[in-house]
Amino acid sequence: MVKMDQLSLARQLDLVFKELDQELSGLDSGVVFVQIRNNIIGKFGIRHNPISGRDGRIEMEGDGLNQAQRTSFRAMALETLKFKRNWTHGEISYDFTVRQGMIMIDATMESNYNMANLMIRYPRTNTYLDSGTGSSS
C-alpha cells in the first residue's frame with residue numbers, strides 16, 4: 001500500500017484531477033481547489049454555481065468540459081507547480097471557464113505559515129532590545 005507522503009505533489013494533483021474528472025465533465029466554469037499541509041493534499045474539490053438565473057428563469061450551466069479541455073486543464077494545473085516555492089502548507093486554486101471553446105485558467109497560490117512553528121525554530125531572545133527597536137517600558 002502506497003502512503004500519500006510517498007507520492008510527489010504532482011502525482012497527488014494528478015490523482016485529484018482523476019477523481020474530479022466526471023464532475024468537471026458537467027461544468028464549464030468554477031474553481032478547483034487543493035489544500036496542502038506538509039506537501040500532502042488533504043481537502044480538495046470544486047466551487048461552482050451549478051444553476052444560474054436570468055430574466056426570471058432558472059437554467060442549468062453549459063455543457064461542461066470535454067475530454068480535451070479536461071486534459072488541458074490537468075496539464076496546466078501540473079505546470080503551475082513549478083511556481084510553488086519553499087512552502088509546504090497552503091492552498092492552490094484554479095479558476096476555470098470556457099470561452100469560445102477554449103478553457104481559460106487562472107491559478108492562485110496561497111502559502112500558509114504557523115507562528116508556533118517559528119517559535120520552536122527560533123528560540124526566544126531579547127531580539128527587540130538587542131536591535132534597539134524595543135519599547136523602553
Subject >> Distance (rounded to the nearest 0.5 Å) between H48 NE2 and T97 OG1 >> reply: 13.5 Å
**OP:** Would you give the length of the straight line joining atom CD of Q35 to atom CG of N112, rounded to the nearest 0.5 angstrom?
**Re:** 8.5 Å
**OP:** Please name the pair of heavy atoms, one in I103 and one in S72, separated by the smallest distance, quoted to 0.1 Å.
**Re:** CG2-OG, 4.0 Å
Subject >> Atom pair OG (S93) and CE (M109), whose distance is rounded to the nearest 0.5 Å >> reply: 10.5 Å
Subject >> Spacing of L7 atom CG and L15 atom CG [to the nearest 0.5 Å] >> reply: 6.5 Å
Original post:
Does L81 share a hydrophobic cluster with W87, counting links as ILVMFWY side-chain heavy atoms below 4.5 Å and allowing steps through other members?
Top reply: yes
**OP:** Ignoring hydrogens and angles, tell me if any N or O in the side chain of Q69 forms a donor-acceptor pair with the backbone of D28 under 3.5 Å.
**Re:** no
Original post:
Hey, does the side chain of E91 reach the backbone of I36 with a donor-acceptor pair shorter than 3.5 angstrom?
Top reply: no
Subject >> Considering all heavy atoms, the nearest Q12-I41 contact >> reply: OE1-N, 2.7 Å
**OP:** Please work out whether the ring planes of F96 and F73 are parallel, tilted or perpendicular, with thresholds of 30° and 60°.
**Re:** tilted
Original post:
Do we see a donor-acceptor contact under 3.5 Å between the side chains of Q67 and T71?
Top reply: yes
**OP:** Indicate whether any N or O donor in one side chain lies under 3.5 Å from an N or O acceptor in the other, for Y94 and T80.
**Re:** yes
Subject >> N39 side chain reached by K84 side chain, heavy atoms, under 4.5 Å >> reply: yes
Original post:
Does one hydrophobic cluster hold both I92 and F83, with members joined at side-chain heavy-atom distances below 4.5 Å?
Top reply: yes
Original post:
Rounded to the nearest 0.5 Å, what separation is found between the CD atom of E110 and the NE2 atom of H89?
Top reply: 13.0 Å
Subject >> Pairwise distance CG(L27) to CZ(R47) - rounded to 0.5 angstrom >> reply: 14.0 Å
Original post:
Looking only at heavy atoms, what is the nearest atom pair of G30 and D95, with distance?
Top reply: O-OD1, 3.3 Å
Original post:
What are the two closest non-hydrogen atoms of S111 and Y113, and how far apart are they?
Top reply: OG-CE1, 3.5 Å
Original post:
Taking a hydrophobic cluster as the set of Ile, Leu, Val, Met, Phe, Trp and Tyr residues connected by side-chain heavy atoms closer than 4.5 Å, whether directly or through intermediates, do L65 and L78 fall within one such cluster?
Top reply: yes
Under 3.5 Å, which donor-acceptor pairs do the side chains of residues 16-25 form with other protein atoms, sequence neighbours left out?
from : atom 1 : to  : atom 2 : distance (Å)
D21  : OD1    : R70 : NE     : 2.8
S25  : OG     : Q22 : O      : 2.5

Subject >> N66 side chain vs A68 backbone, donor-acceptor pair below 3.5 Å >> reply: yes
